[in-house]
Amino acid sequence: MPLNTGRSNDTRRREPGDADLRVGSVGSLTALAARLAWGQRRRHALTFCAAVVGIAFVAGTLIFTDGVRAAIEERSQARYAATDAAVRPADGESPLDPGLVDRVAAAPGVAAASGRIQAGGELTGPDGETLPGMVLAVPAEVPLRSFDLLEGAHPAASGDALVDPGTAERLGLAVGDAFTAESGAGEPTTLRLTGIARTEGTPYDANRLAAVLPETALALAGADGYSEIIAAAEPGTDAAGLAAALGAELGAGVTVLTGGELVAEERERAFQNVDLILQVLNVFVLIAIVTAAFVIANGFSITLAQRTRQLATLRLIGLTRGQLSRLALAEAALMGLAASLLGLAAGAAIARGLSAVLASSGTPTELGAIGARTAAITLAVGIIVTVASAYLPARKAARTAAIQALRESATAAGTGAGRARLALGATALAAAAALWALALDAGLIALLLSGVLGFTGTVLVLPALVPAFAWLVDRMPLGRTPVRLAVRQVARNRRRAAGAAAAIVLCTALVSAVLIGTHSARTSVEHEAAREYPADFSLSGGALPDALLDDLRALPALDAVHARRTGEVDGLTVTSTDPAIAARAGLDLRFDTGPSVAVAAPAAAEHGWAVGDTIAVGDTAVTVADVFPVGDDPAPLAGFDLLTDEAGAAAILPETPVSTIEVLAPRTAGADVAAVAAAYPGVSVNDLIAYRDSRTAGIDLVLRAMLALLALSMLISAVGLANMLSLSMYERIREHGTLRALGTTRGGLRAMVTTESVLVTVLGAAVGLALGFAGAYGAIAVVAAEQPVALAVPYGHLAALVAATMAAAVLAALVPASKAARANIIANLRTE
C-alpha cells in the first residue's frame, strides 16, 4: 500500500480498505491502529460479527446467571421473611408433636409460633377441573405471615384457604367459592377460598398452591406432626438470642436455627438445583469462545496476509517488528472492545431467551440491569480472546521482510501443513484414542480429556486432510469446469480451508453428540416407561362392566382392547395380557388357541415345566405355550409366575372380575376413550402416553436448550465460512477477471465460489460427525455402567443437521459469490 505524504502523485487504483496514512498525524500506535482498523472495516466486518456473537454468548450467560442468583436470593429471603427462629427434629425426619407449638409460643422472647408442613396433591375446582398442586400450612398469627394478599383475607378458620392467581384462574375460583384438596395420604377435604395471594418471588411461584391453617394441613397430609415450627421474636429480642433460648427451653431432640441460617440453607439448596444448568451453560460459553477464536484467528491470518504491502510500508517509515506486531494486536484489541460493547447489548436478549426456555424447568430468574461485574468480565473476555486469537497471525505478519513484501502482490498463497504440526496432531489423536478406550472404565473425566485432545489433534492435521479430500472429490464426475476449479482452489489454500472447517468440525461434533446422546437417553426412558406401563390407556374403578368393554371395542381408532384379570391360584400369581401389550414390556409371548399360559423361567425350573406340557392350574388344565425369561430387574408384567390371554384368564380365574381394561391406541384416540368412560360413573382413565411424555419432558427441555445454545455456535461457524470466502475475493480479483475473460459466465463464477463453501463444509461436517459419534458412544458406554441406557442413533435428526449445515454453506457463499460475479472484467484484470 502506498504511503501518503501529502502529495497526490500516486495514480494506482486504491485497494478496498486502504487507510489514508499521514505520518505527521499519527501520534501513537493506538491512534494508527484505530485508523488502520477503520480503513480495513470491510475486511474485518464478518470477523467482527463472529466476535460479537461469541461475546454476546458470554454476556448472555453472565446476565442470566446474575438473574438466577438474584431470584434465588429473593426467594430464600421471602420464604423466611417473617421468621426469626425455627425448630426442627434433630434427626431431620421425625414429625414434631403439634403440642410443641404451644411450648414454643410460650417461651420467653417469642411473639408468635406456628407449625409448618407441606404435601403434594390435587386441587379440584367447582366444575371438576383438576390440577396437581401443593397443600401448605400458613400461620394465622400476623407476625409470621409472609404472603401478600391480592384479594380477600387470610385463612381464619379450619377449611379456609388461599390460592395463587394461576390456580384461581385455572380452576375458575373466586373468593367465597368451594373447592377440594387431596394430598393422597389424607382424606379429600372441601375448602373455602378466602383470598388470593401473590406468590411471585417466593419458592412457590411455580406450584399450584392451596395455603391453609396448620391443623387443616396436618389433616390433609395425613401426618402426625409438623416438619418445622417457626417463631417470630418480640421487639428487642435478637434472632441469635431467641434461638439460644429456645434450644435451652426445648432440650435434646430438636435443632433450633436462626432466620439467617434458614435463609442461607434455603439459598444453598436452591443453588444445588440449578448448579447443573449453570455448569452446562459454562461449557457452552467455552464452546462459543473457542469457535469465535478460530474464526477470529483465521480472519486475521487472511487480512494480514493480504496487507503485506501496507505493513511493509510501515516498516520502511521506521516501525520495528515488535511495533508492527503490537500494531496488529492493537487493532485486535480495538475490535474486541467494540465487539464487547455490542455483545453486552445482544447478551441481554440471549439472557431473556435462556430465561424463557428454562422457565418451564422451574429455574428462577430475575433479570435486571447489567451489573458492573458482568460488564467488566465481558469486556475483559472479549478483548483478551480477540487479542489472543490475533497473536500468532500478528507475529507472523511482523516477521515478513519489508523488501520482499513490497515485491509481492497482495495474495496469500496456501502453504503446506508442516511436519511438526502433523506430528503433533498425530500424537494428540493417538493419545485421544488411548484415553477414549480407557474412559469406558475410567469415567467421564477421561472421556472429556479424550474429546479435547481429539479435537486439538483434528485441527492440527486438517490442513493435511484438505488436499486428500480435494483429490478424492476431483476424481468424481463433477462435469462443470467451475466446480473443478473450486476443488483445486480449496486444495491450494489448505490452511485457509482448514481454519474455516475447524469451527464447523467443533459445532457439528457437538450437535451430533448432543443429538445422539439425548435420543439414546430418551429412547431408553421410553422403553423403561413402556416396561412399567406397556398400554397407552388404562381404565379402572371397581368391577368394570362388560358394556364398557363392548363400547371401547366398537371404537375403530383403537388398536387393541384387553380386559385384564389378576389373581393367585395354587400359590402362583396369574395375570392376563395381550401379546402386543407384552411386547411393549419386552416380552415376546405366544399363546395356543385353547387355555394356555406362558410360564416365568424361575417357576418353570421350580416345577419342571417345559413348552408343550399340560399342567393343572386350580381346576383348569392348560398348555404351557411359552417360557419367558426374568432378568435381575424384571418389569411389573414379567414379575408374575403365569401370563395368559383373556380367554385363559376367564377359565383360570372365573370368579375374579376384570380389574383393568388396557388399550393400545394412537395419541389422538384419548378423547374418544375418555368420552366412552365418562358414561360409566366411577371409571377413571389413565393416560399412559402422557405419563411416558412426562418421563421424557426433562430430556426434551435439555435438548431444546442445548440445541438453541449450539445454534449460536453454528452461527459463528457460518460467519467464519462467509468471512473466509469474502476475504479470499480480495486476493482473487485478477483470477476472477481472467476466468471471465476466458468465457466463464457469471453463473459459473457463482457456482465456483459456492462449491468452495460447500466443500469446506462437507469436510468439516464429515469429520465433526465422526468425532460426535465417537464422543456420544463413549459417553453412553460410561453412563450405561450405572444407568440403563443404550445407543440409539437418530438418523433423521442427523440428516437434518447435515442438510442445515449445507444450507448454511450455500447462504454463507451468497454475498461473496454475487460480488465476484458482478465485478467488472476490465477492472479486475488491471488489479495487481
Student check: side-chain heavy atoms of [X] and [Y] closer than 4.5 Å:
X: L798; Y: V802; answer: no
X: L637; Y: L643; answer: yes
X: L429; Y: T458; answer: yes
X: S540; Y: S684; answer: yes
X: D687; Y: F537; answer: yes
X: V163; Y: L171; answer: no
X: V673; Y: L558; answer: yes
X: L688; Y: D536; answer: no

Q: Please check if the side chain of S512 supplies one atom and the backbone of A509 the other of a donor-acceptor pair under 3.5 Å.
A: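 Here the side-chain-to-backbone pair exists.
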
Q | Test item: T644 side-chain N/O and S596 main-chain N/O as donor-acceptor pair under 3.5 Å | A |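 Checking the backbone N and O of S596 against the side chain of T644, a donor-acceptor pair under 3.5 Å is found.
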
Q.
Run V511 and T805 through side chain to side chain contact (heavy atoms under 4.5 Å, CB included) and show every step you take.
A. CA-CA 11 Å; V511 174; T805 308; over 6 Å; no

**Q.** Donor-acceptor side-chain pairing of D551 and Y680 below 3.5 angstrom
**A.**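 Yes, side-chain donor-acceptor contact under 3.5 Å.
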
More than 12 heavy atoms of other residues, nucleotides or ligands under 6.0 Å from [atom1] of [X]: is that the case?
X: D559; atom1: CG; answer: yes
X: E169; atom1: CD; answer: no
X: F628; atom1: CZ; answer: yes
X: L438; atom1: CG; answer: yes

Of all heavy-atom pairs between [X] and [Y], which one has the smallest distance, and what is that distance?
X: V762; Y: M806; value: CG2-SD, 3.6 Å
X: A217; Y: A137; value: CB-CB, 3.7 Å
X: V627; Y: A600; value: CG1-C, 4.5 Å
X: A431; Y: L453; value: CB-CD1, 4.0 Å
X: L123; Y: A181; value: CD2-CB, 3.8 Å
X: H797; Y: L515; value: O-CD1, 4.0 Å

Non-neighbouring partners of [X] that pass salt bridge (charged side-chain N to carboxylate O under 4.0 Å, His left out), sequence neighbours left out:
X: D578; result: none
X: E532; result: R695
X: E526; result: R522

Q: Return each pair, listed once, that meets salt bridge (Lys or Arg N to Asp or Glu O under 4.0 Å) where at least one residue sits in residues 660-680; pairs must be two or more places apart or across chains.
A: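 Output for this query lists R564-E662, R667-D693.
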
Pair up each side-chain donor or acceptor in residues 765-777 with any protein partner under 3.5 Å, not counting sequence neighbours, and list the distances.
none

(Q) Going by the rule side chain to side chain contact (heavy atoms under 4.5 Å, CB included), which residues pair with S450 if we only count those two or more places apart in sequence or in a different chain? (A)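 With neighbours one apart ignored, the set is A432, L435, W436.
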
Q. Rounded to the nearest 0.5 Å, how far does CZ of R565 lie from OG1 of T577?
A.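 Here the interatomic distance stands at 14.0 Å.
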
**Q.** Residue from T660, T575, T656 passing side-chain hydrogen bond (donor to acceptor under 3.5 Å, both in side chains) with T566
**A.**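 Output: one option passes, namely T575.
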
